K.L.:
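First the structure, then my questions, so here it is.
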Number of protein chains: 2
Amino acid sequence: MPIKKTTISDVAKHAQVSKSTVSQYLNERFEYMREETRKRIEKAIKELNYQPNNVARSLKLKSTATIGVIVANILHSYSTQVIRAIEDTLNENEFSTIICNADDDPEKEKKYIETLLARQVDGLIVFPTSGNQELYKRLIDSNFPIVFVDRYVSDLNADAVMLDNEKAIHLAVEHLLTNGYEDIAVLTTSLENAVVPRLERIQGYRSAMDRFKLPIREDYIKSMDLSVMKDGIAELFQLEKPPQAIVSGNDLTLMEFLKYAAEHNVKIGTDVGLVTIDEVPYASVHNPPLTTIAQPTFEMGEKAVELLLHKFDSIKKNDPKIYRFDPSIIARKSSEKAGAQL
Amino acid sequence: MPIKKTTISDVAKHAQVSKSTVSQYLNERFEYMREETRKRIEKAIKELNYQPNNVARSLKLKSTATIGVIVANILHSYSTQVIRAIEDTLNENEFSTIICNADDDPEKEKKYIETLLARQVDGLIVFPTSGNQELYKRLIDSNFPIVFVDRYVSDLNADAVMLDNEKAIHLAVEHLLTNGYEDIAVLTTSLENAVVPRLERIQGYRSAMDRFKLPIREDYIKSMDLSVMKDGIAELFQLEKPPQAIVSGNDLTLMEFLKYAAEHNVKIGTDVGLVTIDEVPYASVHNPPLTTIAQPTFEMGEKAVELLLHKFDSIKKNDPKIYRFDPSIIARKSSEKAGAQL
DNA sequence: CTGAAAGCGCTTACAG
DNA sequence: CTGAAAGCGCTTACAG
């Protein structure tokens with residue numbers, strides 16, 4: 001099926017030089033090349049419409065100039081945003097990117113890691129699920145370049161790019177308090193797998209309540225699978241003292257809450273204040289507009305790439321480290337009591 | 001930097017067989033292999049933690065089992081949905097996927113095509129921009145497997161997977177009429193680059209108005225760059241006879257319209273009916289919920305892969321063809337006059 | 001300034 | 001049932 005490609009030998013023959021010389025030309029080592037030779041090769045390449053074969057080059061060079069990116073769940077707008085930044089930055093550095101979506105499934109994640117390694121990627125950027133610790137450990141121990149994003153894997157000595165999750169929750173709680181909401185509940189997806197940001201966000205909730213001298217009510221903490229989140233939300237509103245405000249842990253829990261609110265005619269802002277972690281594309285056009293805690297997604301993606309590339313060109317490797325990024329609040333009507341709903 | 005990998009030779013030595021035999025093992029050609037040999041190789045692979053090098057394999061086999069996907073603009077939710085379907089389907093067939101975002105820039109698109117070819121992808125699925133006709137022509141003439149999605153490139157004899165755009169607009173217009181809206185305007189992004197779906201959607205608008213015996217008002221047709229779309233929408237509402245309803249050409253024009261509506265306190269449903277092409281994730285939680293014309297994104301992605309894979313295993317190639325998919329309407333409140341807004 | 005040779009890690013006819 | 005040999009398309013020391 002594939003077209004028979006013209007190879008470096010064809011070019012060499014056509015230009016009446018050796019393969020070595022053509023290779024020099026391709027790699028822009030012009031120092032010792034006569035002007036005339038160069039011209040001849042240039043012409044031959046054009047005439048034959050020659051396209052070098054990167055697979056062969058990679059084999060010889062033992063480097064594919066490709067980075068694998070494995071994302072736990074591509075459905076989060078956070079993930080897509082960070083991935084775009086990663087890809088852009090990698091591109092600027094002449095690296096290709098292969099993106100894989102693990103779908104929150106450690107088995108899938110494992111398969112992807114193996115495929116990517118077999119394909120000889122030069123490094124990995126991963127939003128890890130919570131399986132595969134050992135696999136990661138092996139990789140890191142053998143010095144394979146890897147950077148984690150959004151989450152880190154515990155007991156692993158690796159670089160990670162993370163949100164300051166505690167701060168994010170504090171921002172949200174503080175903002176809600178300032179706006180007159182006191183009984184604040186929090187929604188996150190299931191803690192079952194001990195995914196770091198979720199734990200940190202719950203922890204952040206507790207410490208924020210503490211800090212602002214508010215009681216911590218366990219029944220205000222809803223950590224559950226998305227599929228049953230709406231039931232959890234319903235429970236919240238059936239409490240004797242339902243919460244006055246909600247902090248949504250990410251864009252998917254937000255979606256569940258918005259669905260519940262639409263179905264039960266809960267007026268966001270007036271009936272219940274709302275702040276969500278993660279900026280979503282529709283935040284400003286929602287009615288009422290949604291107050292969000294935005295992550296600096298571009299900077300985080302950029303940093304991940306920087307950390308990874310750093311591992312290539314420096315012999316002395318820095319100690320692995322967790323890099324924390326500051327969240328910022330984008331205040332909109334969903335967290336204002338007065339006149340929120342049109 | 002890369003770890004020195006164990007190779008097939010190491011395994012062969014360790015298992016005391018030849019490389020050929022190990023290769024047979026790897027490719028599961030067990031027919032002529034003694035049980036005992038197989039066991040020995042299996043053991044050696046495990047002990048050495050051997051991972052075959054796919055780059056070498058690809059070079060020898062002249063096939064990378066990788067498909068390149070180039071998307072004109074990844075920001076459309078349509079694109080992300082189709083891409084997910086493509087990736088899933090490709091995965092099921094043991095192909096890897098490399099996704100590139102051309103950002104609506106033909107130059108970028110060209111660069112990606114070249115990179116992907118250099119990387120020896122076995123085929124290409126592309127949501128084309130409107131440059132690079134010649135490049136595509138060359139590829140197709142040389143029999144390189146390629147399938148277009150969402151748009152086709154004119155004068156090119158290639159397979160394409162498309163929405164029935166005319167039908168989509170007819171559905172929208174008909175639905176709005178049924179709901180009592182008669183003066184219907186349409187919003188699409190700039191026609192400058194003659195991107196097929198936009199043309200077809202405008203054409204569909206004209207034919208729909210015709211069919212339903214409504215006058216075609218040129219000032220109800222707004223085709224412009226997203227950056228000035230809001231001005232165009234403003235013009236619409238400053239007309240002596242502003243439209244009663246809007247058909248939005250895609251999710252990005254929708255976003256512009258929703259922004260305008262929010263800023264100018266235009267009540268969707270009551271003040272102006274709205275139907276948009278493309279289902280968006282927030283359609284059902286928007287207030288009011290948005291009536292959308294959904295594309296069968298999964299089927300379209302699946303079909304694209306099927307067409308592409310078909311080119312690999314059949315010698316006789318079918319005549320290239322444009323496959324049209326039916327849109328379906330998801331009616332929600334934004335196109336209901338009564339009680340749309342809470 | 002340029003070429004011959006070896007080698008990257010596989011696969012596959014072919015011989016035995 | 002298994003191995004030796006050639007070759008995929010490059011790159012790179014090294015010799016001249």
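All of these numbers come straight from a predicted model, not from anything done at the bench. By convention in this document, chain letters (A, B, ...) are assigned in the order of the sequence lines, proteins followed by strands, and residues within each chain are numbered from 1.
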K.L.:
At 4.0 Å (heavy atoms only), tell me whether B:Leu61 reaches a base, stays on the sugar-phosphate, or touches nothing.
P.N.:
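Result for B:Leu61 = sugar-phosphate.
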
K.L.:
Is A:Asp103 paired with B:Arg84 through a side-chain N to carboxylate O contact shorter than 4.0 Å?
P.N.:
yes

K.L.:
Tell me whether the centres of the aromatic rings in A:Phe312 and A:Phe95 are closer together than 6.0 Å.
P.N.:
yes

K.L.:
Are A:Ser18 and C:dG3 close enough that a side-chain N or O sits under 4.0 Å from OP1 or OP2?
P.N.:
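Looking at the OP1 and OP2 atoms of C:dG3, one of them is under 4.0 Å from a side-chain N or O of A:Ser18.
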
K.L.:
Students often get this wrong, so: under 4.0 angstrom with heavy atoms, is A:Ser23 touching a base, only sugar-phosphate, or nothing?
P.N.:
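Base contact - A:Ser23 has a heavy atom under 4.0 Å of at least one base atom.
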
K.L.:
Touch check for A:Tyr50, heavy atoms < 4.0 angstrom, all strands: base, sugar-phosphate only, or nothing?
P.N.:
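Sugar-phosphate contact only - A:Tyr50 comes under 4.0 Å of backbone atoms but never of a base.
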
K.L.:
Please name the pair of heavy atoms, one in A:Ser96 and one in B:Arg119, separated by the smallest distance, quoted to 0.1 Å.
P.N.:
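Nearest pair, atom of A:Ser96 first, then B:Arg119: OG-NH1, 3.4 Å.
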
K.L.:
Answer with yes or no whether A:Lys60 presents, from its side chain, a donor or acceptor under 3.5 Å of a partner atom in the base of C:dG7.
P.N.:
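It does, because a donor-acceptor pair links the side chain of A:Lys60 to the base of C:dG7 below 3.5 Å.
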
K.L.:
Do B:Tyr50 and B:Asp10 touch side chain to side chain, with heavy atoms closer than 4.5 Å?
P.N.:
no

K.L.:
Check whether any side-chain heavy atom of B:Ile83 lies under 4.5 Å from a side-chain heavy atom of B:Ile74, and answer yes or no.
P.N.:
yes

K.L.:
At 4.0 Å (heavy atoms only), tell me whether B:Ser9 reaches a base, stays on the sugar-phosphate, or touches nothing.
P.N.:
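The answer is nothing, as B:Ser9 stays clear of every strand by at least 4.0 Å.
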
K.L.:
Toss me the dot-bracket line for DNA chain D: Watson-Crick and G-U wobble, both under 3.5 Å, 5' to 3', using | for pairs to another strand and [ ] for crossers.
P.N.:
|||.||||||||.|||

K.L.:
Is it true that B:Ser20 and B:Ser23 share a donor-acceptor pair across their side chains at a distance under 3.5 Å?
P.N.:
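On atom types as modelled, these side chains do not qualify, holding no pair under 3.5 Å.
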
